[in-house]
**Q** 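I'd like to ask some things about the structure below.
Every number for a ligand or one of its atoms is a count from 1 in the order of the listing.
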Amino acid sequence: MKISRQQFLKYFGLGMATAAVSEKLGWASPKLAAAKKEAKQMKIKKIEIYNFDIPLHEPFRIAIGTMAAVNGVLVRVLTDSGLYGIGEACPFLPITGETQESNIAAARAIREIILDKDPLRIEALVDGFGKIVHSNPSAVAAYDMALYDLLGKAAGLPLYKLFGGYRSSFETDLTTGLNTPEKMVASVKKSLALGYRQIKIKVGEDPEMDLIRVAAVREAIGPEVKLRLDANQGWTVPQAMWVLKRMEPYKIEFCEQPVKDSDIYGLKQVRTQSPVPIMADESLFSPADAIKLIKEEACDYFNIKLMKSGGLHNSLKIAHVAAAANLKCMVGCMLETRLGLTAAAHLVASQKNIVFADLDGNSEHQVDPIIGGIKIEKGTIYLPEEPGLGCDVDPAFLKKMKQY
Ligand SMILES: [Mg+2]
């Protein structure tokens with residue numbers, strides 16, 4: 001819209017004609033007026049906390065533990081405007097030290113903090129959760145997801161567009177857990193048959209056996225399919241250096257967390273010797289961890305997870321710190337349902353420097369309780385275009401859940 005100097009003075013300089021400006025600039029459209037009213041008046045009036053258990057088809061084994069079922073927590077944040085937001089906590093004890101019980105206790109504590117508050121003041125609310133983000137990051141992530149769901153719904157936009165909208169679809173890998181080389185080969189062949197072109201396998205046990213696993217899997221998938229590894233802290237520094245040097249012929253894209261989470265200097269030592277790029281996962285929870293890893297030059301890539309950082313808010317901060325250091329990221333997951341995976345997918349789609357995705361948490365779930373949300377076809381994830389997260393929990397599933 002072109003306006004003359006005279007009009008500019010009339011609208012802005014004199015401040016006499018707000019209504020006219022609104023009309024000229026389109027701010028008076030009924031849709032925008034409704035959104036403005038919605039955002040202004042919203043208050044959190046009720047919070048529902050549920051637990052849920054979903055068995056897995058096959059137990060999922062990694063170097064530091066095995067899971068046979070998902071024991072998660074769901075929160076629904078209801079407002080006086082009629083809008084509500086939903087979020088999921090997926091505690092993974094060996095990595096974040098949380099359980100379903102500790103997440104429920106944390107979720108109840110957070111409920112008391114945020115009732116009657118404005119749900120769109122997310123920075124202030126997340127700040128108010130205080131130290132809970134250190135002890136129960138997944139419970140905080142569930143609330144963070146629900147608040148952003150409300151923000152998107154109030155704005156009438158899918159979250160990935162609110163966050164930056166860099167892309168609307170992307171490829172994900174599919175992960176194979178630790179097993180015998182024969183069983184891992186059978187599993188990756190199934191992944192290829194489903195159309196996946198990026199394979200991640202768990203290693204981090206006996207280094208010699210890990211070499212046999214990697215050789216067998218590379219032979220099974222051929223030279224073109226991408227292959228990434230995750231050692232989940234399972235090797236010592238000398239073991240990691242020994243085994244990664246021998247991985248060179250197998251064209252490994254990167255290896256996640258070869259050594260103990262707290263050993264940043266060990267991670268750096270491995271990185272300087274390894275022909276395989278190193279990705280920090282369990283060493284990276286917060287934006288402050290991101291700065292430390294960058295300062296120490298301890299890794300090539302970051303693996304961001306909502307359940308480690310406490311949700312989208314802190315994950316975006318990590319991605320931005322990484323972007324400023326010209327460092328590329330992956331977004332991974334624990335064993336979330338399609339609710340948590342959809343939230344993570346909005347993050348991936350929004351940012352240019354999130355170039356890898358490992359969003360396969362529900363691949364072994366016996367039940368999918370989510371309506372709408374991301375679609376996965378032949379290894380490609382497509383974002384929903386509905387406002388907010390763009391998904392909901394099946395009411396029939398919700399009815400069966402225990403409420404706190
Ligand atoms: Mg990992």
**Q** Can you confirm whether Lys308 sits close enough to Asp281 that some side-chain heavy atom of one is under 4.5 Å from a side-chain heavy atom of the other?
**A** yes
**Q** Which residues satisfy the ring pair (Phe, Tyr, Trp, His ring centres under 6.0 Å) test with Tyr301, sequence neighbours excluded?
**A** Phe254, Phe356
**Q** Scan residues 186-197 for pairs that pass side-chain hydrogen bond (donor to acceptor under 3.5 Å, both in side chains), counting only residues two or more places apart or in two chains.
**A** Thr176-Ser187
**Q** Give the C-alpha distance, both sets of side-chain angles, the deciding distance and a yes or no for side chain to side chain contact (heavy atoms under 4.5 Å, CB included) between Met334 and Thr96.
**A** CA-CA 10 Å; Met334 300 302 184; Thr96 61; 4.0 Å; yes
**Q** Give every residue pair that meets the side-chain hydrogen bond (donor to acceptor under 3.5 Å, both in side chains) criterion with at least one member in residues 138-151, sequence neighbours excluded.
**A** Glu98-Ser138, Tyr148-His313, Asp149-Lys153
**Q** Closer than 2.8 Å to the Mg ion (ligand 1), which protein N, O or S atoms?
**A** Asp230 OD2, Glu256 OE1, Asp281 OD2
**Q** Is Lys161 salt-bridged to Glu385, cutoff N-O under 4.0 Å?
**A** yes
